[in-house]
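What follows is a short report on a single structure.
Given the structure is predicted, the values throughout are model-derived calculations rather than measurements. Note: hydrogens, waters and symmetry copies are ignored here, and every other heavy atom, side chains too, is used.
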Amino acid sequence: GCDSSLKLTTQKATDAVDDIFRSLRDISRARTQMKQFNSIHNPGSNTHQASGSFFSLTLFFVQASYRPLLKQVVEEICNPDRPDPVDIEHMSSGLTDLLKTGFSMFMKVNRPHPGDHPLLIIFMVGGVTVSEVKMVKDVVAARKPGTQVMVLSSALLTPRSVVESLFAPDHLQPERDV
């Protein structure tokens with residue numbers, strides 16, 4: 001709630017940052033229910049031994065990395081080892097799929113894997129950026145060539161609209177001009 005930088009106070013800025021971190025903590029809590037896709041942060045660490053003529057020094061480099069949820073999901077769908085995706089629920093679409101899903105309670109029957117299909121349709125609720133669409137295209141091309149992919153979304157996000165949605169008073173109804 002600040003329409004000009006002249007009206008910006010320390011308290012308003014602090015409240016806005018607190019709201020952003022509250023939103024990020026809420027997202028993090030929602031993802032704790034997931035088994036496979038519960039984090040976008042890989043802490044990673046490396047140790048490097050350096051030595052000079054008079055001393056020995058051990059340096060610690062923390063090389064944290066970011067793996068977007070969308071990338072994780074697409075990599076799982078295109079995984080050639082094909083483990084059963086635990087966080088992706090299969091919805092039966094026909095009699096054959098329904099029978100496979102029903103018999104899986106009594107015997108070991110593999111559910112259809114999302115990567116079995118030649119067309120992958122991804123719908124992003126809330127919006128998608130151009131760079132996310134390119135990332136999906138690159139992952140599918142590298143891991144599952146020949147698969148067509150369609151990325152659909154409720155909005156095409158710009159860097160500005162992403163930041164504006166972080167500051168929106170109601171994150172489920174952001175004030176965007178879409």
Is there side-chain contact between [X] and [Y], with heavy atoms separated by less than 4.5 Å?
| X | Y | answer |
| --- | --- | --- |
| Ile122 | Val136 | yes |
| Leu152 | Met124 | no |
| Thr158 | Val162 | no |
| Met135 | Val133 | no |
| Leu120 | Gln148 | no |

Is [X] reaching over with its side chain to a backbone N or O of [Y], donor-acceptor style, under 3.5 angstrom?
| X | Y | answer |
| --- | --- | --- |
| Ser153 | Phe123 | no |
| Thr129 | Glu132 | yes |
| Thr147 | Pro118 | no |
| Ser161 | Leu157 | no |

Discussion item. Does Arg160 have more than 12 heavy atoms from other residues, nucleotides or ligands lying within 6.0 Å of its CZ?
Written reply: no
Discussion item. With a 6.0 Å cut-off (strictly less than), is the heavy-atom count around CZ of Phe21, excluding the residue itself, greater than 12?
Written reply: no
Practice prompt. Taking all non-hydrogen atoms of both residues into account, name the closest pair between Ala155 and Gly126 and its distance.
Written response: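 Where Ala155 meets Gly126 most closely, the heavy atoms are CB-O, 4.5 Å.
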Worksheet entry | Pair Lys12 + Asp15: basic N to acidic O under 4.0 Å |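 Between Asp15 and Lys12 there is no salt bridge, as every charged N stays at least 4.0 Å from the carboxylate O atoms.
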Item to complete: Taking only Lys NZ, Arg NE, NH1 and NH2, and the carboxylate oxygens of Asp or Glu, determine whether Lys134 and Asp138 approach each other closer than 4.0 Å.
Response: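 Yes, this pair counts.
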Worksheet item: Quick one: CD on Glu76 to CZ on Arg143, what's the gap to the nearest 0.5 Å?
Response: 9.0 Å
Item to complete: Using the rule that two of Ile, Leu, Val, Met, Phe, Trp, Tyr join whenever any of their side-chain heavy atoms come within less than 4.5 Å, decide whether Val125 and Ile121 are in one cluster.
Response: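 As far as the 4.5 Å side-chain criterion goes, Ile121 and Val125 are connected within one cluster.
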Discussion item. Checking Asp19 against Arg22 for the side-chain contact (heavy atoms from CB on, under 4.5 Å) test, could you report, in this order, the C-alpha distance in whole Å, the side-chain angles of both residues, the deciding distance, and whether it holds?
Written reply: CA-CA 5 Å; Asp19 286 343; Arg22 187 175 308 107; 2.5 Å; yes
